[in-house]
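Some notes on the structure that comes next.
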Amino acid sequence: MSDATARPLAVDDRGNALTDFIRRAEEQPPGDAPLPLALVALWHGDRVLMVFDRFRQGWELPGGLIEPGESPRQGAARELLEESGQTPGEPLRFVGYPRFTLAPDQRVEYGALFSGRCAEVMAFQPNEEIEAVCWWDLHEVLPGRVHPLDAHLASLTRLPL
């Protein structure tokens, strides 16, 4: 979807858009915009882990900013553990690079999206950032708002059982 006039894959109520999803080698990130964040779609059976962010007041994939000196993969694993207390039962699988156009200034940036499976679900302790977690089947109605960009990205990572 390199065409600037192409329709976004998903848009949220704040005007943020998922404009493209680039499947390429993890070692070949796009170079035309910053890559500040990493996201994880962690699956348990046919359900993906979603976290309820206290500040954005909605359900989203675990993830966040990559810290200085950290690789996107390291950032994804750290954020997953910090936000949810979960760890994958196997190494995370790199899925691709989502391209975002963020409101209000139409800033373009990329994320690194990883996916994995969770064999054992750990207990969740609410923290300063995350109020709750749930395992979502991509269809059921969750209490509150599901961020559409994260829902679309989760659907791109669905793994066979």
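All of these numbers come straight from a predicted model, not from anything done at the bench.
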Where the side chain of [X] meets the backbone of [Y], is there a donor-acceptor pair that is under 3.5 Å apart?
X      : Y      : answer
Thr19  : Arg99  : yes
Trp59  : Pro143 : yes
Arg117 : Gly45  : yes
Asn127 : Glu82  : yes
His152 : Ala10  : no
Gln86  : Leu81  : no
Glu79  : Ala76  : no

Given side chains that start at C-beta, do those of [X] and [Y] come closer than 4.5 Å, heavy atoms only?
X      : Y      : answer
Leu9   : Phe21  : yes
Leu113 : Thr157 : yes
Phe52  : Gln57  : yes
Asp20  : Pro98  : no
Leu18  : Pro8   : no
Val51  : Glu60  : yes
Ile22  : Gln28  : no
Leu49  : Trp136 : no

Going from SG on Cys118 to CG on Leu42, what distance comes out if it is rounded to the nearest 0.5 angstrom? 5.0 Å
For Arg107, all residues meeting salt bridge (Lys or Arg N to Asp or Glu O under 4.0 Å), sequence neighbours excluded: Asp105, Glu109
Ring pair (Phe, Tyr, Trp, His ring centres under 6.0 Å): which pairs involve residues 76-95, sequence neighbours left out? Phe94-Tyr97, Phe94-Phe114
If you look at every heavy atom in [X] and [Y], which pair is closest and at what distance?
X      : Y      : result
Leu61  : Val48  : CD2-CG2, 4.1 Å
Glu128 : Arg54  : O-CD, 3.1 Å
Phe124 : Ser84  : CD1-O, 3.6 Å
Pro72  : Ala112 : CB-CB, 3.7 Å
Leu149 : Asn16  : CD1-O, 3.7 Å
Gly75  : Ala38  : C-CB, 4.3 Å

Cationic N near anionic O, under 4.0 Å, Glu140 to Arg47: yes
Any Lys/Arg nitrogen of Asp12 or Arg145 sitting under 4.0 Å from an Asp/Glu carboxylate oxygen of the other? no
Going hydrophobic residue to hydrophobic residue with side-chain gaps under 4.5 angstrom, can you get from [X] over to [Y]?
X      : Y      : value
Met50  : Ile130 : no
Leu142 : Leu153 : yes
Phe100 : Leu156 : yes
Leu35  : Leu80  : yes
Leu39  : Val95  : yes

Could you go through the side-chain contact (heavy atoms from CB on, under 4.5 Å) check for Glu67 and Gln74 one step at a time? CA-CA 9 Å; Glu67 293 182 355; Gln74 291 166 327; over 6 Å; no
Atom CD of Gln106 with >12 non-hydrogen neighbours under 6.0 angstrom: yes
Does CD belonging to Glu120 count more than 12 external heavy atoms closer than 6.0 Å? no
Could you walk me through whether His147 and Arg14 pass side-chain contact (heavy atoms from CB on, under 4.5 Å), step by step? CA-CA 10 Å; His147 290 286; Arg14 295 182 176 137; 4.2 Å; yes
